[in-house]
**Q** 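First the structure, then my questions, so here it is.
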Amino acid sequence: MNNFTFYAPTYFVFGKDQENETGKYVKRFGGSKVLIHYGGGSVVRSGLLGRIKASLDQEKISYVELGGVKPNPRSGLVYEGIELCRKENVDFVLAVGGGSTIDSAKAIAAGTIYEGDFWDFYSGKPVEKALPIGTVLTIAAAGSEGSPDSVITKEEGMLKRGASGEGLRPAFSILNPALTQTLPPYQTACGITDIMAHLFERYFTTTKEVEVTDRMIEGLLMTMIHEGPRVIADPDNYEARANIMWAGMMAHNNSCGVGRVQDWASHDMEHELSALYDCAHGAGLAVVFPAWMIYNYKRDVMRFAQLAVRVWGCSMDFANPENTALAGIQCLRNYLKSIGMPGNFAELGAKEEDIPQMAHTAAFGNGGSGAIGGFARLTEEDIANIYRLML
Ligand code: NZQ
Ligand code: ZN
């Protein structure tokens, strides 16, 4: 295991009706003037926004609102939010929604107290300070409720880029699984896929002897494999939703990723797809990950075979472990199909002719050196080859 530091100070509040306590937590973490940030309207329709406001009113906390965050959130609304926070002397940013809303809120929280352009943080500058952030999560997926990350798309050039830094970890996050019951099945499945992808990105490592985090990841993956179909068949299954919601947080607050090299090339490749075609992040990952696995399993056949045996229950072919590794990848494909995820470029609306551009941007665009991935170092040519496996 490699050396590491780990500091994840988010205060989690989990369970039924807990969103009604939002005002109490805003107060506890120092908020007196709040920006309530939300998406395209699901929280208005469900009545959640009204309950949040009532809970702030109860604590006599004043607020301003900014809705309209789109999936794959855009920089334009972030600039608007920063201006609003400065004008209104906002001292706390409250995100009510999914990963896109939380990421947009994080960008506003960092940008409001920064003199330069907030996009500097999405071009490599770490975020050390931001206004305190609270979240009320409505979809189990991105893990932004416990992560120090935010992903924003700049309209100019449709660049989808990430920022990171301890300043971006939420002060508190409220997770009520019942709030996810209104999700359309497709969004639920996208979330499941993203959660599993966060686990795979960490599982595929070059670091030896990382049994504790291997086993944590395997346990979370097995939970997702068990609960995913249950929740697709029965969207009101609170217990299945609860397990998925907490797995989503655990998958990405990095408790499973410490002390080991991680990969993340699949996320970089997916971000090119969602930037160009505006597809859901999880749907893009469903197409990218099996292709990435097929291209790279020979780099460490035994790690892929271990995943196949321990997580998918495949039997070990000792004479030819490659067969086991491949069987595991096929199990993943079958699983993703069974929950309604796309399996190729056409189902995603992606186009072959864009492959050279996407491969170039994935390799060089993010201030990159021309190669991405911690487990498998991929050049522009490798990336293009992997995209072609998705046709
Ligand atoms: O906008 P509204 O109307 O709220 O509708 C949303 C949106 O259309 C809807 N939705 C959310 N909760 C709902 C609901 N509809 C009905 N009932 C509910 N309870 O679902 C749609 C998707 O929402 P979004 O916030 O985009 O989903 P998700 O949480 O998957 O976030 C995706 C974004 O997170 C980024 C992705 O790249 C993408 O931009 N990521 C962020 C990460 C991070 N900050 O750590 C890591 C991830 O790897 C990921 O890259
Ligand atoms: Zn993701």
Side-chain angles (χ1 to χ4, degrees), residues 8 10 19 37-49 67-75 77 95-107 110 121-122 127 133 135-153 158-165 168-170 173 175-202 235-236 241 244-245 248-249 251-254 257 262-275 278-286 288-289:
T10 305
E19 67 276 12
H37 200 36
Y38 58 93
S42 72
V43 302
V44 179
R45 290 190 294 277
S46 67
L48 173 61
L49 190 64
V69 181
K70 290 184 181 156
N72 304 317
R74 310 297 151 88
S75 57
L77 196 68
V96 185
S100 295
T101 296
I102 298 173
D103 285 2
S104 183
K106 286 177 172 180
F121 298 124
Y122 296 77
V127 185
I133 301 150
T135 84
V136 179
L137 185 66
T138 61
I139 172 172
S144 190
E145 67 276 13
S147 85
D149 309 314
S150 159
V151 186
I152 300 290
T153 300
M158 290 311 273
L159 294 176
K160 189 172 186 184
R161 297 288 175 263
S164 206
L168 293 183
R169 288 216 194 244
S173 283
L175 279 60
N176 174 0
L179 296 180
T180 68
Q181 286 172 207
T182 52
L183 278 166
Y186 185 75
Q187 288 297 341
T188 297
C190 286
I192 289 168
T193 309
D194 193 18
I195 293 168
M196 293 175 76
H198 294 160
L199 295 163
F200 292 136
E201 296 283 18
R202 293 177 166 91
D236 292 333
R241 293 241 180 230
I244 290 172
M245 200 169 209
M249 202 299 295
H252 199 48
N253 86 332
N254 211 29
Q262 304 177 16
D263 192 74
W264 296 100
S266 299
H267 264 69
D268 288 343
M269 293 173 70
E270 191 296 313
H271 285 165
E272 297 310 317
L273 291 167
S274 45
D278 210 13
C279 57
H281 172 61
L285 287 167
V288 171
F289 239 110

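The chain is numbered in sequence order, starting from 1. Each ligand, and each atom within it, is numbered from 1 in the order the structure gives.
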**Q** Indicate, as side chain, backbone, both or neither, the part of K70 found under 4.0 angstrom from ligand 1 when only non-hydrogen atoms are considered.
**A**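 No part of K70 comes within reach of ligand 1.
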
**Q** Using heavy atoms and a threshold below 4.0 Å, how should the contact between A141 and ligand 1 be classified: side chain, backbone, both, or neither?
**A** side chain

**Q** Would you say T153 and N72 are linked by a side-chain donor-acceptor pair, where the criterion is simply a distance under 3.5 Å?
**A** no

**Q** Out of S164, S75, S150, which residue meets the side chain to side chain donor-acceptor pair (under 3.5 Å) rule with Y122?
**A** S150

**Q** So does A189 get a backbone contact from the side chain of T193, meaning a donor-acceptor N/O pair under 3.5 Å?
**A** yes

**Q** Please report whether atom 23 (O) of ligand 1 has a protein non-hydrogen atom at a separation of less than 4.0 Å.
**A** no

**Q** Specify whether F289 and F200 have parallel, tilted or perpendicular ring planes, treating 30° as the upper limit for parallel and 60° as the lower limit for perpendicular.
**A** tilted

**Q** List the steps and the verdict of side chain to side chain contact (heavy atoms under 4.5 Å, CB included) for H267 and H281.
**A** CA-CA 9 Å; H267 264 69; H281 172 61; 3.2 Å; yes

**Q** Among all the protein's non-hydrogen atoms, which is closest to atom 7 (C) of ligand 1, and how far away is it?
**A**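 Ranked first by proximity to atom 7 (C) of ligand 1 is P71 CG, 3.8 Å.
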
**Q** Would you check if the side chain of K106 reaches a backbone N or O of D149 as a donor-acceptor pair within less than 3.5 Å?
**A**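 Side chain of K106 to backbone of D149, a donor-acceptor pair under 3.5 Å: yes, one is there.
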
**Q** Is atom 33 (C) of ligand 1 less than 4.0 angstrom from some protein heavy atom?
**A**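 Yes, there is one.
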
**Q** Among all protein heavy atoms, pick out the one at the shortest distance from atom 47 (C) of ligand 1; state its residue, atom name and that distance to 0.1 Å.
**A** H198 NE2, 3.4 Å

**Q** Examine distances only and state if a side-chain atom of S173 and a backbone atom of E145 form a donor-acceptor pair shorter than 3.5 Å.
**A** yes

**Q** Look only at interatomic distance and state if R45 has a nitrogen or oxygen under 3.5 Å from any nitrogen or oxygen of ligand 1.
**A**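 So ligand 1 has no N or O lying under 3.5 Å from an N or O of R45.
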
**Q** Between ligand 1 and E270, can you find any atom pair, the residue atom being a heavy atom, that is separated by under 4.0 Å?
**A** no

**Q** One residue to check: D103. Relative to ligand 1, which of side chain, backbone, both or neither has a non-hydrogen atom less than 4.0 Å away?
**A** side chain

**Q** Got an N/O contact under 3.5 Å between H271 and ligand 1?
**A**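 For ligand 1, there is an N or O atom that lies under 3.5 Å from one belonging to H271.
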
**Q** List nothing but the number: protein N/O/S atoms under 2.8 Å from the Zn ion (ligand 2).
**A** 4

**Q** Would you say G41 contacts ligand 1, with heavy atoms under 4.0 Å as the rule?
**A** yes

**Q** Can you tell me if G162 contacts ligand 1 (heavy atom of the residue under 4.0 Å from the ligand)?
**A**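 Heavy atoms of G162 never come under 4.0 Å of ligand 1.
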
**Q** Can you tell me which portion of Q181 lies within the under-4.0 Å heavy-atom range of ligand 1? Options are side chain, backbone, both, or neither.
**A**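 Under 4.0 Å from ligand 1, Q181 contributes no heavy atoms.
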
**Q** Please confirm whether V43 approaches ligand 1 to less than 4.0 Å, judged on its heavy atoms.
**A** no

**Q** What protein heavy atom sits nearest atom 18 (C) of ligand 1, and how far off is it?
**A**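 I find the closest protein heavy atom is T182 OG1, 3.4 Å.
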
**Q** Roughly how far, to the nearest 0.5 Å, is CD1 of I244 from CD1 of I139?
**A**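 So the gap between those two atoms works out to 11.0 Å.
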
**Q** Heavy-atom distances under 4.0 Å decide this one: backbone, side chain, both or neither, for S147 against ligand 1?
**A**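 For S147, only side-chain atoms sit under 4.0 Å from ligand 1.
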
